[in-house]
Structure formats: C-alpha cells, structure tokens
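When reading the values below, keep in mind they use all heavy atoms of this one structure, side chains included, and skip hydrogens, waters and symmetry mates.
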Amino acid sequence: MRKSFDKHWYAWAMVLPTVIVLGVLVFYPLLRGVAQSFTNLNESNQRDEICTKVLGGEETCEPNPDAAQFVGLDNYIDILTGAQGEFWLQFVNTLVWTIACVVCHYGLGLGLAVMLNREFRGRGFYRVALILPWAVPSFVAAFAWRFIFDERFGVINGALRAVGLDPVAWFEQRWTSLFTAIVANVWLGVPFMMVALLGGLQSINGDLYEAAEIDGATPWQRFVNITLPGLRPVSSTVILLGTIWTFNMFPIIYFVTRGQPAGETEILVTGAYRAAFEGIRDYSLAATYGVLILSILVVYAGVYKRVLAKQGEVF
C-alpha cells in the first residue's frame, strides 16, 4: 500500500472523493443500521435525554430512563420466530415475486431483442416504443396499473364485462393481487433487459451464423448453440442486477397492491418500511429487516458468483 501510494498518489487522490462520499452516504448508514438492529430503538425511546422548559424559566434536561438499550439478538429471534412482523410470509412473497418477475423480464426481453435484431420495416419505431416504459417513473406506472386493475372502473374488468364475463376482484385474493404487481413490474422491467440483450446480440460475430447456416443448422440450433452462449456474459450480469433490483422493488408493491388483502402481499422491503414509518415506529425492527435483506442478497450473489466461476465465466 505504501509503495503504491508513493508511486500512484495522483490515482489515490482522484479516488479519495468517491471513497468519502461512499463512506458518508453508504457505509456509515449501513454500520449505523446494523448497530440499531441490536437495540430496541423506537419512536418513544429514541431520545437519551428528556428536556422540559418551565414558562419563564430555563430548559432542564434529565436522562431518559426508558432510552433505547442493547438487546442483542432479540430482534432477529423475534422476526425469525414470527413474534414480530410476518417475515416468513413476506419472504415467500418476495421469492415468488422476484423469480416470476426476473423470468418474465429475461424471457420477454430476449424474445424482443431477437426480434429487434433483425431487419424489418419500422424497426426504429418499435425500438423507441418498447423503451418508453423504462422512461416512466415507477410510482407513476404503479398508480396507472392500480387503476387498470381497479374492480369497478378498471380497464381490464371493463373488457371482461364487455365480453360477458364477471369482473375480478383482483386485490381481494393473495395470488391475484400479487399477480397485478408482477404484471406491472414486468411492463417496467422488460425494456432494460431488452436493451441489454440487444447490445449483446449485436456483439456476436455474424460469421458464426453464416457458417452454421452453411452447415445446415436450423434456426433453433443456431439460437441454442450460438445465441445463448454468446449472450452468457451479458445474461449473467443482467440476471444478477435484475434479481437485486426486483428483490428491493418497493414502489410497485406499495402502490399497486398496497399489501392487500390484509398484508398478504407484502414483501420484505415493504415490511421494513411499515415497521419504520407506520404505527409505533420501530426503527430497530426495520433495521433488522434491512440487515436480513442485505444478508440474503450477499449470500445469493456469492452463490451466483461461484456457479458462474464453475462454468468458466469471469464475473
């Protein structure tokens, strides 16, 4: 380190501002959150002192006897055993939500990327049109999809009535309610996957396809043996990023399903939000949720990296 600093001091000087910003905005809050998860900090005991001021007198402060205290692993035990919150229900919802969204994102994105990689009339228009959902803020899209699935005034139930079918109360059942959120998030997330995979397709050497076609390979064989292996580096990256983003996708669940019915469609990140900002604000419980979410994603990323390494991929 010392030799590197003496030789490349200018590089360290350029990196220093970024390190400071990350330390202030990321690492300090992260460490503070981990520390809070081992306390019983909430809205009522967050002050170390209680200050009172008599009319016409000076303000006096005394230690708060009920101030937040260190409780060790109590918060983790309470969450994992179901004593506080609905961790396991939210965990299952998060897994279903994440897997369904990422599979649809990748499958639809790959199909659209393959289509747009070909020459056809109006290709430029379709490229712009399919990217538009990506430009819409997620909370705006969430409100729009909430209205689309509205039981009384929604477009989908209106279409069902028009063909003589009964309207569906989308938000009164757990799985139909979660389905509405998945549809909304797929609409938002497909453009990113499509653009990333389209870039990967354009980086594959066209001579490979010509050689395979001369050898008599069918379109499906060319897709399986050239396209998919050629997309593997891009696919591994976008699947990891898509999983992390979807796992923590707050606005779609919060604004589309609103946890209906009776909190049965909450995911971990919305559970953390409600612990911190609704009812008696339990900051330590929310911090514990955050640490558990981070731990799950770190383990997933580590396993994912190991699997890729065994397959010869460098990530």
task: Would you indicate whether the side-chain heavy atoms of L292 and L268 approach each other to under 4.5 Å?
output: no
- request: Mark yes when over 12 heavy atoms from residues, nucleotides or ligands other than R32 sit less than 6.0 Å from its CZ; otherwise mark no.
  value: no
statement: To the nearest 0.5 Å, atom CZ of F153 lies from atom CD1 of I148 at 15.5 Å
Separation between CH2 of W88 and OG1 of T94, rounded to the nearest 0.5 Å: 11.5 Å
- request: Please tell me if the side chains of C101 and I182 come closer than 4.5 Å, counting only heavy atoms from C-beta onward.
  value: yes
field: Closest non-hydrogen atom pair, L116 against L130
entry: CD1-CD1, 3.8 Å
field: Inter-residue atom distance L110.CG - L228.CG, 0.5 Å rounding
entry: 6.5 Å
query: For the hydrophobic clusters of this structure (ILVMFWY residues joined by side-chain heavy atoms under 4.5 Å, transitively), does one cluster hold both V102 and L308?
result: yes
- prompt: Relative to the ring of Y273, is the ring of Y254 parallel (under 30°), tilted (30 to 60°) or perpendicular (over 60°)?
  reply: perpendicular
query: Does the side-chain contact (heavy atoms from CB on, under 4.5 Å) test come out yes or no for W145 and T180, once each step is laid out?
result: CA-CA 8 Å; W145 281 100; T180 64; over 6 Å; no
- prompt: Is there a side-chain contact between I267 and Q90, using heavy atoms and a 4.5 Å cut-off?
  reply: no
query: Within 45° of the six-membered ring axis of F171 and under 6.0 Å from that ring's centre, is NZ or CZ of R146 located there?
result: yes
- prompt: Are any non-hydrogen side-chain atoms of S177 and P261 less than 4.5 angstrom apart?
  reply: yes
- prompt: Is D74 close to N40 at the side-chain level, that is, under 4.5 Å between some pair of heavy atoms?
  reply: no
query: Looking only at atom types and distance, does a side-chain atom of T176 sit under 3.5 Å from a main-chain N or O of W170, one as donor and one as acceptor?
result: yes
message: Surrounding CD1 of I280 (heavy atoms of other residues, nucleotides or ligands, distance under 6.0 Å), is the total greater than 12?
response: no
- request: Report the C-alpha separation of W187 and V136 in whole Å, then their side-chain angles, then the decisive distance to 0.1 Å, and conclude whether the side-chain contact (heavy atoms from CB on, under 4.5 Å) test is met.
  value: CA-CA 11 Å; W187 183 83; V136 178; 4.3 Å; yes
query: Which atom names give the shortest non-hydrogen contact between A287 and Q36, and what distance separates them?
result: CB-CB, 4.1 Å
- request: Nearest 0.5 Å please: distance from the CG atom of L197 over to the CG atom of L112.
  value: 10.0 Å
- request: Please tell me if the side chains of V114 and L198 come closer than 4.5 Å, counting only heavy atoms from C-beta onward.
  value: no
field: Pair T257-T265, side-chain donor/acceptor within less than 3.5 Å
entry: yes
query: Where is the tightest heavy-atom contact between A184 and I252, given as atom of each residue plus distance?
result: CB-CG2, 4.1 Å
task: Test side-chain contact (heavy atoms from CB on, under 4.5 Å) on F38 and L73 and set out the steps.
output: CA-CA 6 Å; F38 296 105; L73 297 174; 3.5 Å; yes
message: Just so I know, are the side chains of E266 and E86 near enough to count as touching, which here means a heavy-atom distance under 4.5 Å?
response: no
field: Non-hydrogen atoms of F120 and R118 that approach each other most closely
entry: CD2-O, 3.4 Å
message: If you compare all heavy atoms of V238 against all heavy atoms of M193, which two are closest, and at what distance to 0.1 Å?
response: CG2-SD, 3.4 Å
message: Does atom CD (Q260) have a neighbourhood of more than 12 heavy atoms from anything else shown, all under 6.0 Å?
response: yes
Side chains of T227 and Y209, donor plus acceptor under 3.5 Å: yes
- request: Work out which heavy atom in L178 is nearest to a heavy atom in I253; give both atom names and the distance.
  value: CD1-CD1, 4.1 Å
message: Using 30° and 60° as the class boundaries, would you call the ring planes of F143 and F139 parallel, tilted or perpendicular?
response: perpendicular
OG-OH distance between S235 and Y106, expressed to the nearest 0.5 angstrom: 2.5 Å
- prompt: Any side-chain heavy atom of I131 sitting closer than 4.5 Å to one from F192?
  reply: no
Separation of L165 CG from N157 CG (nearest 0.5 Å): 10.5 Å
field: Check: N75 side chain, S37 main-chain N or O, donor-acceptor pair, under 3.5 Å
entry: yes
Atom CZ of F223 with >12 non-hydrogen neighbours under 6.0 angstrom: yes
message: Using 30° and 60° as the class boundaries, would you call the ring planes of F255 and F250 parallel, tilted or perpendicular?
response: perpendicular
